[in-house]
Amino acid sequence: MKLIGASVVITCDNNFTIIKDGGILFDNKKIIKVGKFSDLKKDKLEEVQFYNSCVITPALINSHIHFEFSKNHSMLKYGSFGEWLDSIMNNRDALMQDSTTHIKKAIKESMKSGVACVGAISSRAVDLDLLSQSELKVMFFNEIMGTNKDFFDKVKDDFNERVKKSKLLEDVNFKTAIALHSPYSLDIELAHYAIKKAIENKMLVSTHFLESKEELSWLESNSGYFKGFFKHFFHNDDAESHYSKDSFLELFKKCETLFVHCLYLNNDDWDRISKLKADIISCPRSNRLLNNRYFNFLKAKDYKFPLIIATDGKSSNNSLNMLDEARCALFAYEKYNINNLAREILLAMTKNPAKRLKFNNGIIEKGKASDFAIFYVDDINSAEQIALNFILQAREVEDLYINGKRIDIENV
Ligand code: MCF
Ligand code: FE
């Protein structure tokens, strides 16, 4: 049994309990007891450590990240979704070069910001071995994409192969899932094929949905940017959207789904998604960079969607640091009481995504996995607005524990 403690423990439980001079008694599997550090001290502990002027939170969860795009720094265009997608298409091969080195760096960067658990969207499985061998807890979403009938067999074979490989690597820390890239990039036949697999294998599904106004006008009226996109990149002059918004959402009626972005939902769309077994993931910096817009968090609250925040890939972000993402969200929603928002944002990176990724983490309470992040925050001992000060000030972890084990991040 081990004991760690800190000036402040933010449990992220249902009551958002904060324990000053708090402690956590745990072993490699689970949390045994949470309380005041002084009450938990006893003989025969394997390890005891108190982190002064520090905050312990549940290790953070980044539920939507594309590790394969980690090479990007300044290769892509921002400010308009169409320009971004064109730049992705034009630079895809260059972006994938030396991926191993960049994915390793990205794993380290994630851990340094307190992340222990990820929802990784993988298009080519370049990140498969690195992620399965890492200490991270991983929901590995095999992405499927394709609109040209000539290649459907190839797409299916490749997708099957990746799903099969990732299933072979499954263990308590690594699970296989499926990502349908988006309505504009996936033919109905392939979508049904992937959904069937997800249902048969009870796999979680992820999809980008209504990220851009370009996608909206494609789905609503077969017009706008995507007309030119299919003409230019696929020499297809007669392309039309494979779905209406409703027929796309219909696909997900029998599986558990994470919809990513959802920047352009109308009331009917909100109604429809809220009737599915689904949550919505928002990536604030990605949305600002590509679409000049933030997710309608207040509307989501009306529909009882919990806030879930993730970074997306480096293809649409300047870092994978979850604390930077938290700060962006904190400043973006100016209409919301800042202390309440700070608490919601912390839950958006812990308890809320944990419910879908199901690694039994995201909350510091008895019986949950021993996944913790510890951050130094100057003067936190005397702070009154703890969640807010934590988000404003925390930078890199002092320590990160996954399954009760302290991770040597520099040497992973
Ligand atoms: O979430 C962002 C923006 N929306 C769509 N796709 C991606 C994002 N970041 C990376 N991607 C990837 C996606 O997984 O870019 C490729 C796919 O492999 C787009 S190709 C149409
Ligand atoms: Fe994404």
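Order of appearance sets the numbers: ligands from 1, and atoms from 1 within every ligand.
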Please tabulate, one pair per line, all N/O donor-acceptor pairs under 3.5 Å involving side-chain atoms of residues 390-398, not counting sequence neighbours.
residue	atom	partner	partner atom	Å
Arg395	NE	Gln393	O	3.4
Arg395	NH2	Leu392	O	3.0

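Residues passing the side-chain hydrogen bond (donor to acceptor under 3.5 Å, both in side chains) test with Asn267 are Lys299, sequence neighbours excluded.
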Go ahead and list the nitrogen or oxygen contacts between ligand 1 and the protein that come in under 3.5 Å, distances to 0.1 Å, or just say none.
residue	atom	partner	partner atom	Å
ligand 1	1 (O)	His208	NE2	2.9
ligand 1	1 (O)	His261	NE2	3.1
ligand 1	1 (O)	Asp312	OD1	2.9
ligand 1	1 (O)	Asp312	OD2	2.7
ligand 1	4 (N)	Glu211	OE1	2.7
ligand 1	4 (N)	Glu211	OE2	3.3
ligand 1	6 (N)	His181	NE2	3.1
ligand 1	9 (N)	His66	NE2	3.4
ligand 1	9 (N)	Ser315	OG	3.2
ligand 1	14 (O)	His66	ND1	3.1
ligand 1	14 (O)	Glu143	OE1	3.1
ligand 1	14 (O)	Glu143	OE2	2.6
ligand 1	18 (O)	Arg92	NH1	3.3
ligand 1	18 (O)	Arg92	NH2	3.4
ligand 1	18 (O)	Glu143	OE1	2.8

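For Trp218 and Tyr243, the ring centers are positioned 6.0 Å apart or more.
Take a cut-off of 2.8 Å around the Fe ion (ligand 2): the protein N, O or S atoms inside it are His64 NE2, His66 NE2, His208 NE2, Asp312 OD1.
Between the side chain of Asn90 and the backbone N or O of Leu85 there is no donor-acceptor pair closer than 3.5 Å.
Of the residues Asn317, Asp312, Asn321, Thr311, the one that meets the side chain to side chain donor-acceptor pair (under 3.5 Å) test with Arg285 is Asn317.
At least one cation-pi condition fails for Lys137 and Phe174: the charged atom is not both under 6.0 angstrom from the six-membered ring centre and inside a 45 degree cone around its axis. The side-chain tip of Arg293 points at the ring of Tyr264 from less than 6.0 angstrom away and within 45° of straight on. Cation-pi check for Lys213 over Tyr225 is not met; the charged atom does not lie both under 6.0 angstrom from the ring centroid and within 45 degrees of its normal.
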Tyr51/Asp399 under side chain to side chain donor-acceptor pair (under 3.5 Å): CA gap, chis, key distance, verdict: CA-CA 10 Å; Tyr51 294 86; Asp399 271 325; 2.5 Å; yes
